[in-house]
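Source: prediction; values computed, not measured.
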Amino acid sequence: MPDESIVPLIPSINTPSVSPTPTFLKHQAMDSPRLGGRKKGKAWVLILSYVFDWVVLIAAAGIGYVLGDVTPNKRPFSLTDLDISFPFTVHETVPLWLLITISVLAPIVIVAIISLVFVPGATAPRNTPKALIWKRKLWELHTGWLGLALSIVAAWLITNGMKNLFGKPRPDLLSRCQPDLANLSKYIVGGFTNVSSNSQLVSADICQNPDKYTLDDGFRSYPSGHSSSSAAGLIYLSLFIASKFSITLPFFAPAGFNDAAFSAFPSRTRAGVLTPAPNSFELQARGNTDQSPSPVDPTMQKQLAQHAQTVAAVRRQAAAPPLYLLLIAILPFFASVFIASSRWFDFRHHGFDILFGFLIGTICAFFSFRYYHLPISQGAGWAWGPRSREKAFWAGIGSFSYATDRVPYTYRAGDEEEGLDAIDEYGRGTGLQSSITPGSTRKAQVPEDHVQDTAYMGGNGT
């Protein structure tokens, strides 16, 4: 029988949990490599895999730089095309150095501040070791930076490759070109000859500007690099802020919701496992519905009371976050819109070029955020945990998650379990002693040598 001292201190409520009741291997089998337990001395493999992720991103950024420096294809144009006849803006509203500062450096600093100051938040028990707190802070910082780098590098690589591939003239091309009008006939490559120049296309060879960079850059209009880069960095930052500060549209909790599972260190939360289903508990906590007698039929009265109880519980499941937090989260998005818009009134890009570049950055931002973080409305602001050491570099066919070990139906203990000072025979830690090395491996089924832990998810322990 489990020790009654570790039974949750709240009344048990018979409601289904989010996942099957976890079970734990006895300590004799916890560290067995055959059973998928933690293997000592293999931490460097996991660390190396994330170092390699950064190497891949750096290499991708280098490829993007090379692609951006290639001489672009140069699409033929008309000397009377008004869309490319705008003046050349010498002083841009958002020059390159300012773009990097706002879209790259500022998000790096803000992600670091949020991760180091606000993580892990109020859900961490007071007796949580400082080392475990800092481990979580640094992990959230690492994933925050890794997602930001993935978003920016992906947008950078895609945009630079497309710019030189399409070679679309900028709105100020004719100001950069300095065309050789005296020998116009030599450069005609399309349209009708011996007619007005309105029907003729000329090649880029007609341009006599000696500044090669300025001339080549005049054929890099599509898509907008400022738009894609600003969206990739700043929209990612908006998503990160919204996630960490729980800024989302109010939503219904999923069936079997258990808020203790979303705390900083769930396995350290003993009395914090509250009711999974708020339909009845919430009313008991906030006040019962009116039970005054009514002349209505008793059966109808019971149905009305149940209906009122359900409606009250549903409306109290969520509430809108404060508007000042919404403003903080959306400010980076507004900044990205301004940067993209500046390319229009600086005559650097056509409208479609700006919109498409912004779309590239937006897709990269959303993908990169979800690649490393839980959904904003379902993840309580946390990043996904690290990969399993056994799958640090490769999982193979038939593996549904990089977080699981290779033994079927098992998943490794999270960092919150590993941070406990001691783990008893039921897989739970007291945080008061240090006598047993953590290394639990959970299983979805209950073999003969397993002990079922009903108190872990709020059971009565009997």
Please tell me if the side chains of [X] and [Y] come closer than 4.5 Å, counting only heavy atoms from C-beta onward.
X: V117; Y: K137; answer: no
X: P223; Y: D353; answer: no
X: H142; Y: Y372; answer: no
X: S238; Y: I241; answer: no
X: K163; Y: P72; answer: no
X: W139; Y: P386; answer: yes
X: F369; Y: I235; answer: no
X: F358; Y: V337; answer: yes

Tell me the closest heavy-atom pair linking [X] and [Y], and the distance in Å.
X: G381; Y: E140; result: O-OE1, 4.1 Å
X: I247; Y: I376; result: O-CG2, 3.9 Å
X: I133; Y: P120; result: CD1-CG, 3.5 Å
X: W384; Y: H373; result: NE1-O, 3.2 Å
X: D172; Y: R348; result: OD2-NH1, 3.2 Å
X: L46; Y: S388; result: CD1-O, 4.3 Å

Quick check on [X]: does its [atom1] atom have over 12 non-hydrogen neighbours (other residues, nucleotides or ligands) under 6.0 Å away?
X: F393; atom1: CZ; result: yes
X: F366; atom1: CZ; result: no
X: F345; atom1: CZ; result: yes

Would you say the side chains of [X] and [Y] form a donor-acceptor pair under 3.5 Å?
X: D346; Y: T89; answer: no
X: S49; Y: K391; answer: no
X: S228; Y: T159; answer: yes

Could D53 and R387 be called an ion pair, given the rule that one side-chain N must be under 4.0 Å from one carboxylate O?
yes

Side-chain ion pair, D217 and R170, N-O less than 4.0 Å:
yes

Rounded distance (nearest 0.5 Å) linking atom [atom1] of [X] with atom [atom2] of [Y]:
X: T71; Y: Y213; atom1: OG1; atom2: OH; result: 12.5 Å
X: T143; Y: L138; atom1: OG1; atom2: CG; result: 10.5 Å
X: C364; Y: L359; atom1: SG; atom2: CG; result: 9.5 Å
X: L234; Y: I330; atom1: CG; atom2: CD1; result: 12.5 Å
X: I114; Y: I110; atom1: CD1; atom2: CD1; result: 7.0 Å
X: T93; Y: L98; atom1: OG1; atom2: CG; result: 10.0 Å

Step through it carefully: locate the ring centre of F356, locate the ring centre of Y222, and say whether they are under 6.0 Å apart.
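Yes; Y222 has its ring centre under 6.0 Å from that of F356.
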
Hey, do the aromatic rings of F367 and Y371 have their centres closer than 6.0 Å?
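When the ring centroids of F367 and Y371 are compared, they turn out to be within the sub-6.0 Å range.
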
Over 60° means perpendicular and under 30° means parallel, so tell me whether F245 and F118 are parallel, tilted or perpendicular.
perpendicular

Is R389 positioned over the aromatic face of W44, cation under 6.0 angstrom from the ring centre and no more than 45 degrees off axis?
no

Aromatic F240 / basic K244 pairing, under 6.0 angstrom, 45° off normal
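Geometry flag: set, cation within 6.0 Å and 45°.
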
Main-chain N/O of [Y] paired with [X] side-chain donor or acceptor, under 3.5 Å:
X: W145; Y: I108; answer: yes
X: H349; Y: I354; answer: no
X: N73; Y: F166; answer: no
X: N160; Y: G64; answer: yes
X: W156; Y: S229; answer: no
X: Y236; Y: G144; answer: yes
X: S243; Y: L239; answer: no
X: S368; Y: S151; answer: yes

Apply the test side-chain contact (heavy atoms from CB on, under 4.5 Å) to residues S103 and I152: give CA-CA distance (whole Å), side-chain angles for both, the deciding distance (0.1 Å), then the verdict.
CA-CA 9 Å; S103 302; I152 294 174; 5.9 Å; no

Can L99 and W97 be said to form a side-chain contact (heavy atoms from CB on, under 4.5 Å), step by step?
CA-CA 5 Å; L99 171 68; W97 68 267; over 6 Å; no

Intermediate values then yes/no, side-chain contact (heavy atoms from CB on, under 4.5 Å), W382 and R136
CA-CA 10 Å; W382 302 117; R136 179 60 63 84; 3.5 Å; yes

Let's go through V45 and E390 carefully: what are the C-alpha distance in whole Å and the side-chain angles of both, what is the deciding distance for side-chain contact (heavy atoms from CB on, under 4.5 Å) to 0.1 Å, and is it a yes or a no?
CA-CA 9 Å; V45 176; E390 294 186 359; over 6 Å; no

Qualifying residues under side chain to side chain donor-acceptor pair (under 3.5 Å), relative to S227, sequence neighbours excluded:
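Here the qualifying residues are S224.
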
